[in-house]
There are 2 protein chains.
Amino acid sequence: MTSGRRIGAPDAKNRGVLLDAAERLMLEEGYAAVTSRRLAERAGLKPQLVHYYFRAMDDLFLEVFRRRAEQGLKAQAQALDSAQPLWSLWRLVTDPATSRFMMEFAALANHRKSMRAEIAHYAERFREEQWRTLATALARYDADPETMPPMVWSVLFTSLSTVLVMEQGLGMSLGHAETIEVVERYLRRLEGEPNL
Amino acid sequence: MTSGRRIGAPDAKNRGVLLDAAERLMLEEGYAAVTSRRLAERAGLKPQLVHYYFRAMDDLFLEVFRRRAEQGLKAQAQALDSAQPLWSLWRLVTDPATSRFMMEFAALANHRKSMRAEIAHYAERFREEQWRTLATALARYDADPETMPPMVWSVLFTSLSTVLVMEQGLGMSLGHAETIEVVERYLRRLEGEPNL
DNA sequence: GTCTATAATCAGATAGAC
DNA sequence: GTCTATCTGATTATAGAC
């Protein structure tokens with residue numbers, strides 16, 4: 001009754017190759033393009049190998065997500081640790097790859113329930129960390145926490161970058177420049193001109 | 001050389017049934033769940049009928065999108081025409097169905113290039129219209145157009161509602177209440193207490 | 001431990017029957 | 001004008017060969 005199917009070692013070379021290829025494929029063509037065949041083709045491997053290294057496609061997606069989310073948390077910690085946390089964070093979240101990644105997985109979560117909890121978990125960790133650092137930074141700048149609490153800053157940054165990137169992806173830009181202008185003017189007032 | 005395949009009349013009853021079912025299925029389970037088979041099952045019809053009424057799945061998606069987008073434009077025009085355009089617009093965009101719909105199609109556009117231009121076109125019409133109405137409304141309230149131009153209002157509303165809905169879909173709510181609080185405090189200052 | 005041959009299922013599409 | 005029988009190809013997954 002025990003299944004004859006076995007799964008490849010977690011540190012096998014080709015497993016990493018597949019994860020890398022899956023990530024690129026997903027960013028370039030959307031999660032729906034990540035099928036065992038197209039992925040294998042990209043990676044220069046046989047389609048069956050995908051199923052050898054990952055019990056189900058969900059496991060593949062989950063691991064692509066975790067890997068990159070952990071990287072993202074590190075990058076964010078570094079950004080928030082700088083002398084100009086607001087500018088650093090703004091630069092980080094407006095990097096298209098960051099938002100594209102999160103959006104793609106949020107869409108994926110719509111019909112892969114197995115991913116929902118995982119994505120929500122990381123999204124909360126990102127926000128939590130942003131919130132803590134912004135709280136100290138904003139206090140330093142004497143920004144009124146009533147008008148714009150640190151938590152709201154965090155939500156606002158995330159929201160703006162997500163939608164700007166999404167719309168850019170559609171080839172749309174109406175209102176983008178003006179919005180970025182308003183945000184950056186605000187940042188300048190609080191944190192001065194960006195260094196670098 | 002002429003194809004033997006024919007396409008059903010645009011006003012046939014079952015065609016409408018399919019469009020309605022496709023829209024519901026898409027909102028509930030994501031666009032990837034809309035296949036000819038699952039759609040037909042939902043609609044209580046045979047899978048082949050999907051291909052009879054729509055030359056390709058893209059045509060189906062396109063029509064679902066157009067129908068609802070046109071409805072949305074009407075609803076928005078109505079909202080913006082009210083005595084409290086800011087409140088009305090805020091209520092409209094924070095309706096989960098609105099954002100869910102746009103997000104789902106934005107994700108779809110990632111790997112169905114045929115949809116990109118169409119979605120961008122409508123998104124711009126929405127923004128354009130919001131902008132024009134907000135410009136008059138904000139002028140009436142003596143809001144400083146330098147601090148927050150009407151166009152930026154429009155981008156901000158869209159961004160916030162999109163991401164709040166997206167995160168809610170993941171079961172996440174960290175920072176949501178505080179953000180809504182800040183927005184509504186601002187609206188109250190400009191437009192007074194919401195009537196109704 | 002790594003990979004392949006192959007099964008089982010499901011998807012999109014079309015020619016032709018009523 | 002409406003629908004169905006059916007083809008072609010893709011996709012996930014597994015048992016078993018090296």
Side-chain angles (χ1 to χ4, degrees), chain A residues 1-22 25-26 28-65 107-108 110-115, chain B residues 1-22 25-26 29-65 107-115:
Chain A
M1 217 50 193
T2 132
S3 167
R5 184 173 174 206
R6 284 168 300 154
I7 294 295
D11 57 344
K13 177 177 148 260
N14 280 344
R15 193 172 188 273
V17 171
L18 285 170
L19 285 171
D20 290 341
L25 188 53
M26 195 166 184
E28 287 166 28
E29 305 191 41
Y31 71 85
V34 184
T35 64
S36 42
R37 282 158 131 92
R38 265 185 279 188
L39 173 55
E41 193 185 16
R42 276 285 188 111
L45 298 169
K46 301 255 166 116
Q48 301 97 314
L49 278 182
V50 176
H51 301 289
Y52 167 56
Y53 284 110
F54 304 95
R55 183 161 292 277
M57 293 304 281
D58 279 23
D59 296 322
L60 167 69
F61 282 121
L62 218 53
E63 193 144 337
V64 169
F65 179 74
L108 179 60
N110 267 336
H111 62 104
R112 302 238 180 196
K113 305 308 174 199
S114 75
M115 299 220 53
Chain B
M1 217 46 188
T2 133
S3 168
R5 185 174 174 204
R6 285 168 298 155
I7 294 295
D11 57 343
K13 177 179 148 261
N14 280 344
R15 194 171 188 274
V17 171
L18 285 170
L19 285 171
D20 290 340
L25 188 53
M26 195 166 183
E29 305 192 41
Y31 70 86
V34 184
T35 64
S36 43
R37 286 157 131 89
R38 265 185 278 188
L39 172 55
E41 194 185 16
R42 275 284 188 112
L45 299 168
K46 301 255 167 117
Q48 301 97 313
L49 278 182
V50 176
H51 300 289
Y52 168 56
Y53 284 110
F54 305 94
R55 182 162 293 278
M57 293 303 281
D58 279 24
D59 296 323
L60 166 69
F61 282 121
L62 220 51
E63 193 143 337
V64 169
F65 179 74
L108 178 61
N110 266 335
H111 62 105
R112 303 239 181 195
K113 305 308 174 198
S114 74
M115 299 221 54

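Order of the sequence lines sets the chain letters (A, B, ...), proteins ahead of strands, with each chain counted from 1. What you see below is based on every heavy atom in this structure, not just the backbone, and it leaves out hydrogens, waters and symmetry mates.
Results of the side-chain contact (heavy atoms from CB on, under 4.5 Å) test with Val34(B) over Leu108(B), Val50(B), Leu60(B) single out Leu60(B) as the only residue that passes.
Taking Phe61(B) as the reference, nothing meets the ring pair (Phe, Tyr, Trp, His ring centres under 6.0 Å) condition, with sequence neighbours excluded. Under the ring pair (Phe, Tyr, Trp, His ring centres under 6.0 Å) criterion, Tyr52(A) pairs with no residue at all, not counting sequence neighbours. Residues satisfying the ring pair (Phe, Tyr, Trp, His ring centres under 6.0 Å) test with Phe54(A), not counting sequence neighbours, are none. In this structure, the salt bridge (Lys or Arg N to Asp or Glu O under 4.0 Å) partners of Asp58(B), at least two apart in sequence or on a different chain, are Arg112(B).
Distance His51(B) NE2 to dT8(D) P: 16 Å, rounded to the nearest Å. Between the P atom of dA8(C) and the CZ atom of Arg5(A) lies a distance of 16 Å, rounded to the nearest Å.
The residue Arg15(B) sits apart from the nucleic acid: no heavy atom pair falls under 4.0 Å. Note on Thr35(A): only backbone sugar-phosphate atoms sit closer than 4.0 angstrom, heavy atoms only; bases stay farther off.
Closest contact between the side chain of Met57(A) and the listed nucleotides dG12(C), dT12(D), dA11(C) involves dT12(D). Closest to the side chain of Ser36(A), out of dT12(D), dA11(C), dA13(C), is dT12(D).
Recorded end-axis angle for the helix from dG1(C)-dC18(D) to dC18(C)-dG1(D) stands at 0°, based on five pairs per end and rounded to 10 degrees.
Considering CE of Met57(B) and CG of Leu62(B), their distance stands at 12.5 Å, rounded to 0.5 Å.
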Would you list the atom pairs, donor with acceptor, under 3.5 Å between side chains in residues 40-48 of chain B and any protein atom, with sequence neighbours excluded?
{"unit_1": "Arg42(B)", "atom_1": "NH1", "unit_2": "Glu28(B)", "atom_2": "OE1", "d": "3.4"}
{"unit_1": "Arg42(B)", "atom_1": "NH2", "unit_2": "Glu28(B)", "atom_2": "OE1", "d": "2.7"}
{"unit_1": "Arg42(B)", "atom_1": "NH2", "unit_2": "Glu29(B)", "atom_2": "OE2", "d": "3.4"}

Protein and nucleotides 1-5 of chain C: nitrogen or oxygen contacts under 3.5 angstrom:
{"unit_1": "dG1(C)", "atom_1": "N7", "unit_2": "Arg6(A)", "atom_2": "NH1", "d": "3.1"}
{"unit_1": "dT2(C)", "atom_1": "OP2", "unit_2": "Ala9(A)", "atom_2": "N", "d": "3.3"}
{"unit_1": "dT2(C)", "atom_1": "O4", "unit_2": "Arg6(A)", "atom_2": "NH2", "d": "2.6"}
{"unit_1": "dC3(C)", "atom_1": "OP2", "unit_2": "Asn14(A)", "atom_2": "ND2", "d": "3.4"}
{"unit_1": "dC3(C)", "atom_1": "OP2", "unit_2": "Tyr53(A)", "atom_2": "OH", "d": "3.1"}
{"unit_1": "dA5(C)", "atom_1": "N7", "unit_2": "Gln48(A)", "atom_2": "NE2", "d": "2.8"}

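One donor-acceptor pair, N or O on each side, does fall under 3.5 Å between the base of dA11(C) and the side chain of Arg37(B).
Legend: salt bridge (Lys or Arg N to Asp or Glu O under 4.0 Å) pairs involving residues 8-17 of chain B, not counting sequence neighbours, sorted by first then second residue: Arg15(B)-Glu63(B).
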